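Structure first, commentary second.
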Amino acid sequence: RTAEAALGVAGGWTTDAETAYRNRALKVVVARRDLAAGEVVSATDVMLKRTALADGARVVFRLDRAVGRELTAPVAAHEAVTAERLREPA
């Protein structure tokens, strides 16, 4: 029975606790490494990671929204990429 509890609810449903966690910690685009302002983001520069969201942050949820865009400010490794830091390349 312990294993069943660890695997979750039968039929693919999630527990209330898991649903609450997933609603608080969504997968967002984060930097794989430190990225400098002016860099054009490539697919190898970013990844999706489940992380807590800061209030008011306009984070990017899809990789294709970041790849090919230029950074207007630096982004540290494992930091969420925000819409405010992205623009079309010049």
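It should be emphasised that the depicted structure is a prediction, and the values quoted were computed from it without experimental measurement.
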Closest heavy-atom contact between [X] and [Y]?
X	Y	value
Val60	Thr82	CG2-C, 4.0 Å
Val75	Ala31	CG1-CB, 3.8 Å
Asp34	Ala77	OD1-N, 2.8 Å
Gly68	Pro89	O-CG, 3.3 Å
Val29	Leu63	CG2-N, 3.8 Å
Leu86	Ala66	CD1-CA, 4.0 Å

Heavy-atom donor-acceptor pair, Arg32 side chain to Val46 backbone, under 3.5 Å: yes
Cluster check [X], [Y]: I/L/V/M/F/W/Y, side chain < 4.5 angstrom:
X	Y	value
Val67	Leu35	yes
Val59	Val30	yes
Val41	Leu48	yes

Asp16 atom CG, neighbour heavy-atom count above 12 within 6.0 Å: no
Spacing of Arg87 atom CZ and Arg69 atom CZ [to the nearest 0.5 Å]: 10.5 Å
